[in-house]
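Notes follow once the structure below has been shown.
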Amino acid sequence: MSDPIRLFVLFVDELAAKIWKPILVDAAHAGGWDLLGGTVENWSKMTDRCLILSDDPDWGIVVPAGQSAVIMTGPPQWEGHDLADPLEKDALALASARLAKASALIEAGAVPVRGQDKHFTLADLISVTRTSEPLGIPISRTSPLDIYKSLPPTSGAAAIWPAECLWYPVGEALDGGAPAMDLTGRARILFHGPHIYLTPGVWRATFQISVDPEGGVPPLRFEWKHGESAVVCDAPINQPGRYEISLERRWDVVGPSQIAGLINQAVFQGSLEVHDCKVELLSTDPA
């Protein structure tokens with residue numbers, strides 16, 4: 001009995017599935033492959049000769065990267081309309097996770113298929129060709145996901161994260177505040193987020209804030225972190241103005257990112273406003 005053979009094609013965007021899925025389905029039928037889709041929770045339904053067509057990158061956990069392909073037709077488009085909505089923020093983080101995991105698949109050996117490609121071969125077992133005209137790639141608009149204009153991101157990849165995509169705790173609630181805030185009150189987290197996933201490498205976060213200490217010296221702290229691992233800048237600011245905070249840290253694995261602003265002790269005056277954050281990949285060299 002021969003060993004099971006499972007192949008996986010990841011559709012990063014809807015256009016990729018629209019163009020390539022019918023072609024791959026025809027190739028599977030012609031080659032005697034069983035078809036499977038949906039999320040990786042369907043893994044138990046895999047047969048010994050199976051082609052998986054899905055938008056779930058977690059299939060990469062059960063199918064070797066060398067038996068996989070990743071199809072992305074163009075720069076990621078973010079269709080969210082109101083990043084102040086917590087549901088939109090969650091959706092943005094999930095979209096970034098898919099792009100980061102797709103990047104990891106390519107790094108591990110998956111075949112990358114891009115917008116203008118008309119042919120690809122998967123593990124020397126399935127070969128497909130697109131005979132239609134070149135794809136109409138969506139017009140690229142500024143997006144918090146611009147770091148993923150190519151997969152995987154390369155040195156120099158950058159994006160602007162608007163203030164609205166961060167979280168602003170109010171009382172016991174995780175969100176509900178605004179980028180412009182009164183500092184008066186107890187020690188607390190002022191803002192955090194956006195929990196967008198990053199790939200391995202050295203990433204810099206540069207965020208712009210305005211502070212008016214109103215005669216005091218608020219003990220501000222800023223962090224650039226993954227999980228509990230953080231690069232920290234303590235900034236007791238005593239003059240009103242616009243400030244730039246720039247922090248660098250290495251991501252060793254794919255994971256969510258977070259910038260955070262805190263005030264370390266109770267204060268009785270002052271205000272702060274977050275403007276935006278630029279994130280950029282400085283290096284993909286191993287540590």
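- Ring geometry for W251 against H226 counts as parallel: the plane angle stays under 30°, on a 0 to 90° scale with 60° as the upper cut.
- The CG atom of L94 sits 14.5 Å away from the NZ atom of K89 when rounded to the nearest 0.5 Å.
- Residues L83 and I160 do not share a hydrophobic cluster, defined by chaining ILVMFWY side chains whose heavy atoms lie under 4.5 Å apart.
- Of the listed residues (F222, Y243, W224), just one forms a ring pair (Phe, Tyr, Trp, His ring centres under 6.0 Å) with F207, and that residue is F222.
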Hey, mind stepping through I126 and T121 against side chain to side chain contact (heavy atoms under 4.5 Å, CB included) and telling me if it holds?
-> CA-CA 6 Å; I126 292 181; T121 298; over 6 Å; no
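- K278 forms no cation-pi arrangement with W161, by the criterion of a distance under 6.0 Å to the ring centre and an angle within 45° of the ring axis.
- The aromatic rings of W167 and H192 sit parallel to each other, their planes meeting at less than 30°, with 60° as the upper class boundary.
- Under the 6.0 Å distance and 45° angle rule, R49 counts as a cation-pi partner of W33.
- Considering only residues two or more places apart in sequence or on other chains, D34 meets the salt bridge (Lys or Arg N to Asp or Glu O under 4.0 Å) condition with none of them.
- Under the 4.5 Å side-chain heavy-atom criterion for Ile, Leu, Val, Met, Phe, Trp and Tyr, L262 and V274 are members of distinct hydrophobic clusters.
- Taking A104 as the reference, V254 meet the side chain to side chain contact (heavy atoms under 4.5 Å, CB included) condition, with sequence neighbours excluded.
- Residues R98 and D56 are not paired through a salt bridge, judged by the lack of any N-O separation under 4.0 Å between the basic side chain and the carboxylate.
- In the hydrophobic clustering of this structure, F268 does not group with L190; members are Ile, Leu, Val, Met, Phe, Trp, Tyr whose side-chain heavy atoms approach within less than 4.5 Å, directly or through other members.
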